[in-house]
Amino acid sequence: MTELPGAAQGPGDDPRGVELAERLAAVRKRIATAAESAGRGDTLPTLIVVTKFHPAGDIRRLAALGVTDMGENRDQEAAAKALELADLALTWHFVGQLQTKKAKSVARYASAVHSVDRPQLVDALAKAVRNEMDSGGRAPLDCFIQVSLDHDGGGMHRGGARAADVPVLAELITGVEGLNLAGVMAVAPLGAPPEQAFEKLAGISARLVAAYPAASGISAGMSQDLEAAIKFGATHLRVGSDILGSRPAVG
Ligand SMILES: *Cc1c(COP(=O)(O)O)cnc(C)c1O
């Protein structure tokens, strides 16, 4: 009898699987250590593995290693992967800047959007999610308000609302059906200590939670700064390259 093509006979037959297992274990260990030293070893943050630019096969390998939460930042790529991997019952997190015209597509597969940063996007997502709910398919969408921590004056190159605009967005999100206010999200600015950024984000989160106690999520921390994020209360980490390796450069 011949072997079925693609059937793995053991870990040694899939070097990429071994590599991902090792890298994932190393990141999990960093998370556990950081949580321990922050005195929160019993409430580990959710690990979202950001799989952008990496093939669906890698996501299958990660799922086999127990990863349930995947992050993507481009709708076209994410939609294709979600369709191809529909048998895995994964939780998809959209973490990139999002055009309103993509809301309809994102509402088909995403459980959470981490980049809600303007009223028009709230409207577009609410409408798209309600359509999907009406046709029977989905639960409310978790919305993280993305806050820009580097350009409070309004530079928007990486997306994100000004801290001062968080209350307005929170009110809009909680005022519509289909959206669930999950918390805040930020990317630490380049060229400054991440601790400062995440401490600021923790303050913004505390003010939000005072008004909306259920919105206690803090999506913060990537490969380079997950320890700092955990120290300042991150509940959701978005880790890509330290698990998957470097991404091909984009032009
Ligand atoms: C790519 C990306 C990540 C993961 O970054 P790494 O440095 O690869 O860990 C996290 N958050 C967002 C918004 C991203 O676009």
Any L88 side-chain heavy atom under 4.5 Å of R60 side chain = yes
Nearest 0.5 Å please: distance from the CG atom of L65 over to the CD atom of E22.
-> 11.0 Å
Can any side-chain N or O of T33 pair as donor or acceptor with the backbone N or O of K29 at less than 3.5 Å?
-> yes
Do the side chains of V95 and I218 join up, straight or via other hydrophobic residues, at under 4.5 Å, putting them in one cluster?
-> no
In terms of heavy-atom contacts, M70 and T51 come closest through SD-CG2, 4.1 Å
Test item: E171 and L169 side chains (from C-beta on) under 4.5 Å apart, heavy atoms = no
Closest approach of A139 to V129 (non-hydrogen atoms, all atoms of both residues) | O-CG1, 4.3 Å
Without hydrogens or angle criteria, can the side chains of T46 and D69 be said to hold a donor-acceptor pair below 3.5 Å?
-> no
With no hydrogens and no angle check, is any side-chain donor or acceptor of K81 less than 3.5 Å from a backbone partner on Q76?
-> no
Would you check if Q146 and H114 make a side-chain contact, meaning some heavy-atom pair closer than 4.5 Å?
-> no
L181 and L208, any side-chain heavy atoms less than 4.5 Å apart = yes
Going hydrophobic residue to hydrophobic residue with side-chain gaps under 4.5 angstrom, can you get from V49 over to W92?
-> yes
Look at R30 together with E227 and state whether they make a salt bridge at an N to O cut-off of under 4.0 Å.
-> yes
Do the charged groups of E77 and R74 touch, with an N to O distance under 4.0 Å?
-> yes
Fellow cluster residues of I48, listed by chain then number, with links counted only when side-chain atoms sit under 4.5 Å apart | none
Charged N-O contact under 4.0 Å between D242 and R23 | no
Taken to the nearest 0.5 Å, the spacing of R130 CZ from L179 CG works out to 7.5 Å
Between CD on residue Q224 and CG on residue L190, distance to nearest 0.5 Å = 10.5 Å
Spell out, as yes or no, whether a donor-acceptor pair under 3.5 Å connects the side chain of D225 to the backbone of A228.
-> no
Can you tell me if K104 uses its side chain to pair, donor with acceptor, with the backbone of L125 under 3.5 Å?
-> no
Can any side-chain N or O of D117 pair as donor or acceptor with the backbone N or O of G160 at less than 3.5 Å?
-> yes
Stepwise side-chain contact (heavy atoms from CB on, under 4.5 Å) check, V18 with D14 | CA-CA 6 Å; V18 173; D14 180 18; 5.8 Å; no
Closest approach of A220 and F198, non-hydrogen atoms and distance?
-> CB-CE2, 3.6 Å
Which atom names give the shortest non-hydrogen contact between L149 and A197, and what distance separates them?
-> CD1-O, 3.4 Å
Quick one: does S105's side chain have a donor or acceptor within less than 3.5 Å of a partner on K102's backbone?
-> no
Got a second to check how far T100's OG1 is from D123's CG, nearest 0.5 Å?
-> 9.5 Å
Given the rule that I, L, V, M, F, W and Y join up when any side-chain heavy atoms are under 4.5 Å apart, are F232 and V209 in one cluster?
-> no
Connected via hydrophobic side-chain network under 4.5 Å: F144 and L47 = no
How about D142 and V113: do any of their side-chain heavy atoms sit closer than 4.5 Å?
-> no
Pairs satisfying side chain to side chain donor-acceptor pair (under 3.5 Å), at least one member in residues 231-240, at least two apart | S219-R238
Can you name the nearest heavy-atom pair linking Y109 to A78, along with the distance?
-> OH-CB, 3.4 Å
So do the side chains of N180 and C143 get within less than 4.5 Å of each other, counting heavy atoms only?
-> no
Could you give me the CA-CA distance, side-chain angles and deciding distance for R118 and V122, then say whether side-chain contact (heavy atoms from CB on, under 4.5 Å) is met?
-> CA-CA 7 Å; R118 59 199 191 279; V122 175; over 6 Å; no
Run the side-chain contact (heavy atoms from CB on, under 4.5 Å) check on V239 and V50 step by step: do they pass?
-> CA-CA 6 Å; V239 181; V50 181; over 6 Å; no
Say you draw a straight line from CD1 of I230 to CG of L44; how long is it, rounded to the nearest 0.5 Å?
-> 8.0 Å
Does any N or O in the side chain of S115 come within less than 3.5 Å of the main-chain N or O of G96, such that one atom is a donor and the other an acceptor?
-> yes
Should I145 and D165 count as side-chain neighbours, where that means a heavy-atom distance under 4.5 Å?
-> no
With the 4.5 Å side-chain cut-off for hydrophobic clustering, are L85 and L244 part of the same group?
-> yes
Closest heavy-atom contact between A234 and R40?
-> O-NH2, 2.7 Å
Determine yes or no for a side-chain-to-main-chain donor-acceptor pair under 3.5 angstrom, with R162 supplying the side chain and S148 the backbone.
-> no
Does the R138 side chain pair with the main chain of A110, one donor and one acceptor, at a distance under 3.5 Å?
-> yes
Would you sort out whether S241 and S246 count as a side-chain contact (heavy atoms from CB on, under 4.5 Å), showing the intermediate values?
-> CA-CA 5 Å; S241 44; S246 56; 5.6 Å; no
Looking at side-chain heavy atoms only, is the closest gap between L141 and E132 below 4.5 Å?
-> no
